[in-house]
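Below, each value reflects all heavy atoms present in this structure, side chains not excepted, and no hydrogens, waters or symmetry copies.
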Amino acid sequence: VTLDDIKKINRNCQPPEKGLMCEILWSDPQPGPGRAPSKRGVGLSFGPDVTHRFLKNNDLDLVVRSHEVKEEGYQVEADGKLITVFSAPNYCDSMGNKGAFIKFNETLKPDFTTFSAVAHPNVPPMAYASMGGMF
């Protein structure tokens, strides 16, 4: 996969159930090499070798991704070349995970900030849904 392949994706649609957009959205890293079926049932799992090949083929140094819960809010894998960051603490009010965000300093070294969930207001789920949205 190249950056040109990614740039060609039509993003003005719901994500399809297969194809490159689906794989970018739902695929997750795995510790072992190669590719394997995903635990999600969609997308696939990919090893550090796949990450390193993608970076080399696209003249990149790092992949930063999200869309996967991480216990500490983030995880660094593939010899420091792949970062997953997840900013929703206690996802779905049930996971107990921390949230995190990244700031890159002037030398592009990542600086991670983690945070825990706080109690939210006593508002029933979807209470704002009938108000026409927030914006």
Side-chain angles (χ1 to χ4, degrees):
V1 175
T2 67
L3 293 179
D4 286 336
D5 296 331
I6 295 169
K7 289 176 187 175
K8 292 176 189 172
I9 295 173
N10 175 13
R11 291 169 175 79
N12 192 19
C13 64
Q14 288 294 316
E17 293 183 24
K18 61 181 179 178
L20 186 56
M21 179 191 279
C22 176
E23 288 181 9
I24 289 172
L25 180 62
W26 295 112
S27 295
D28 298 313
Q30 66 182 17
R35 293 182 172 93
S38 172
K39 62 187 176 202
R40 296 179 190 256
V42 64
L44 45 90
S45 296
F46 58 93
D49 58 321
V50 176
T51 300
H52 288 283
R53 187 168 49 254
F54 175 81
L55 293 171
K56 182 178 179 189
N57 291 345
N58 290 284
D59 195 28
L60 298 171
D61 295 322
L62 178 68
V63 172
V64 179
R65 61 181 293 274
S66 188
H67 215 91
E68 182 184 15
V69 176
K70 294 297 179 183
E71 187 66 29
E72 294 301 315
Y74 73 95
Q75 188 169 355
V76 180
E77 300 175 83
D79 305 313
K81 297 297 186 178
L82 176 72
I83 298 172
T84 301
V85 62
F86 194 77
S87 61
N90 196 26
Y91 183 62
C92 292
D93 291 334
S94 63
M95 299 300 291
N97 63 291
K98 291 181 182 177
F101 64 88
I102 306 171
K103 287 197 263 182
F104 290 90
N105 68 22
E106 54 281 341
T107 64
L108 298 181
K109 180 181 184 280
D111 179 32
F112 300 96
T113 300
T114 62
F115 50 93
S116 298
V118 297
H120 37 110
N122 188 17
V123 177
M126 302 300 291
Y128 300 110
S130 62
M131 297 174 70
M134 294 180 64
F135 301 103

Exam field: side chain Asn97 to backbone Tyr91, donor-acceptor pair closer than 3.5 Å: yes

What closest approach, in Å, do [X] and [Y] show between heavy atoms, and which atom pair accounts for it?
X: Thr84; Y: Pro29; answer: OG1-CG, 4.4 Å
X: Gly99; Y: Pro89; answer: N-CB, 3.6 Å
X: Thr2; Y: Asn58; answer: CA-OD1, 3.1 Å
X: Pro33; Y: Asp49; answer: CA-OD1, 3.2 Å

Would you tabulate the side-chain donor-acceptor contacts of residues 113-120 under 3.5 Å, counting partners in other chains and residues two or more places apart, or write 'none'?
residue, atom, partner, partner atom, Å
His120, NE2, Asp93, OD1, 3.1
His120, NE2, Asp93, OD2, 3.3

Which residues share a ring-ring contact (aromatic ring centres under 6.0 Å, His included) with Phe54, sequence neighbours left out: none

Residues forming a side chain to side chain donor-acceptor pair (under 3.5 Å) with [X], sequence neighbours excluded:
X: Asp59; result: none
X: Asp4; result: none
X: Lys18; result: none

Residues Ile24, Ile9; criterion side chain to side chain contact (heavy atoms under 4.5 Å, CB included); working and verdict: CA-CA 11 Å; Ile24 289 172; Ile9 295 173; 3.8 Å; yes

Same apolar cluster: Leu55 and Leu20, side chain cutoff 4.5 Å: yes

Qualifying side-chain hydrogen bond (donor to acceptor under 3.5 Å, both in side chains) pairs with a residue from residues 25-37, counting only residues at least two apart or across chains: Asp28-Arg40, Asp28-Arg65

